[in-house]
Amino acid sequence: MTLEEIHGQESMPAGHDGMQSAGKALSKLLLSAQRCGCLTAGVYESAKLMNVDPDNVAFCVLAADEEDEGDIALQIHFTLIQAFCCENDIDIVRVNDVDKLAAIVAPSEESGEPRDLHCILITNPNEDGWKDPYLETLNSFCEESRNVNDWVPTITLPE
């Protein structure tokens, strides 16, 4: 039984202004983090980073399409990542469209091949923390979602 099943999902309606602004903020934050070299993509790469330096992780994005929902191994990884994020006070969101996410986050520069985008971590570029307005918007969105027992809110990315 998941945390969402225990508390019941009382998520915000799809047309909610906060959700729309959160989607825009997430796309801007991903672009900004990528430019700064503060973006880690991939389930295994993210798990390694969280194990080595959890205090440096500022935000987590889990992404899965409908066909990924049947992937038991991926869902187990998601559950473990969610638990780790909750225990370490890392805000976390879900995205249900990996293609839109891939359009925002370019392919890996080393190989030119698409990356595993099922988990993306945004890290702090320096020890003082990151004062990004988009990160602050997403942190507020996550806090509001937790207030209505939506512990891992789903964000819809803009077109």
Side-chain angles (χ1 to χ4, degrees), residues 1-12 18-19 22-23 25-34 36-108 110 113-125 129-130 132 134-157:
M1 185 170 272
T2 65
L3 191 58
E4 289 90 355
E5 291 169 338
I6 292 171
H7 292 288
Q9 284 274 32
E10 298 174 27
S11 59
M12 295 179 193
M19 187 174 292
L26 179 58
S27 77
K28 301 273 189 190
L29 178 63
L30 290 169
L31 290 171
S32 176
Q34 189 170 18
C36 294
C38 300
L39 189 134
T40 301
V43 172
Y44 296 111
E45 292 81 359
S46 297
K48 284 190 283 187
L49 177 65
M50 287 190 287
N51 187 44
V52 172
D53 193 9
D55 294 334
N56 197 32
V57 178
F59 199 78
C60 179
V61 178
L62 297 178
D65 288 326
E66 283 185 31
E67 59 266 8
D68 293 325
E69 296 299 325
D71 185 343
I72 300 300
L74 183 62
Q75 296 307 317
I76 290 171
H77 283 105
F78 279 6
T79 301
L80 294 171
I81 290 168
Q82 287 174 201
F84 185 88
C85 288
C86 287
E87 187 159 313
N88 289 281
D89 296 322
I90 300 168
D91 284 327
I92 182 170
V93 296
R94 279 186 163 250
V95 172
N96 288 331
D97 194 334
V98 178
D99 291 335
K100 281 185 186 176
L101 194 58
I104 296 168
V105 181
S108 175
E110 305 89 53
E113 293 182 19
R115 299 190 265 191
D116 169 15
L117 298 177
H118 290 107
C119 182
I120 296 176
L121 296 181
I122 297 168
T123 56
N124 288 314
W130 203 9
D132 187 290
Y134 301 115
L135 180 59
E136 291 177 18
T137 298
L138 288 166
N139 288 335
S140 295
F141 174 78
C142 288
E143 186 176 336
E144 290 173 15
S145 295
R146 284 191 297 273
N147 288 338
V148 294
N149 289 329
D150 188 3
W151 298 95
V152 184
T154 300
I155 290 180
T156 302
L157 293 170

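Residues: numbered from 1 along the sequence shown.
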Between R146 and D91 (salt bridge meaning N to carboxylate O under 4.0 Å), is one present in this structure? yes
In Å and rounded to the nearest 0.5 Å, what is the [atom1] to [atom2] distance from [X] to [Y]?
X	Y	atom1	atom2	answer
C36	L29	SG	CG	9.5 Å
I122	N56	CD1	CG	12.0 Å
S27	L101	OG	CG	10.0 Å
L62	I155	CG	CD1	11.0 Å
L39	T123	CG	OG1	8.0 Å
L121	K48	CG	NZ	12.0 Å

Residue pair C142, V93: steps toward the side-chain contact (heavy atoms from CB on, under 4.5 Å) verdict: CA-CA 8 Å; C142 288; V93 296; 3.6 Å; yes
Does any N or O in the side chain of [X] come within less than 3.5 Å of the main-chain N or O of [Y], such that one atom is a donor and the other an acceptor?
X	Y	value
D132	Y134	yes
D68	D65	yes
D53	L49	no

Tell me, do [X] and [Y] make a side-chain contact under 4.5 Å, heavy atoms counted?
X	Y	result
I104	L26	no
Q82	W151	no
N139	L135	yes

Any ring-ring contact (aromatic ring centres under 6.0 Å, His included) pairs touching residues 39-60, not counting sequence neighbours? Y44-H77
With K100 via salt bridge (Lys or Arg N to Asp or Glu O under 4.0 Å) - residues at least two apart: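 Only E159 meet the salt bridge (Lys or Arg N to Asp or Glu O under 4.0 Å) criterion with K100.
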Trace of the side-chain contact (heavy atoms from CB on, under 4.5 Å) decision for L157 with D97: CA-CA 8 Å; L157 293 170; D97 194 334; 5.7 Å; no
Closest heavy-atom pair and its distance - [X], [Y]:
X	Y	value
F78	A63	CZ-O, 3.4 Å
H118	A64	CD2-CA, 4.4 Å
A41	L117	CB-CD2, 4.0 Å
Q34	V105	OE1-CA, 3.8 Å

Partner of S46 under side-chain contact (heavy atoms from CB on, under 4.5 Å), picked from T40, V61, V57, is T40
Residue of the set I120, I90, N88 for which side-chain contact (heavy atoms from CB on, under 4.5 Å) holds with C60: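 Testing each of I120, I90, N88 against C60, the sole residue satisfying side-chain contact (heavy atoms from CB on, under 4.5 Å) is I90.
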Please determine whether the number of non-hydrogen atoms from other residues, nucleotides or ligands lying under 6.0 Å from atom CD of E66 exceeds 12. no
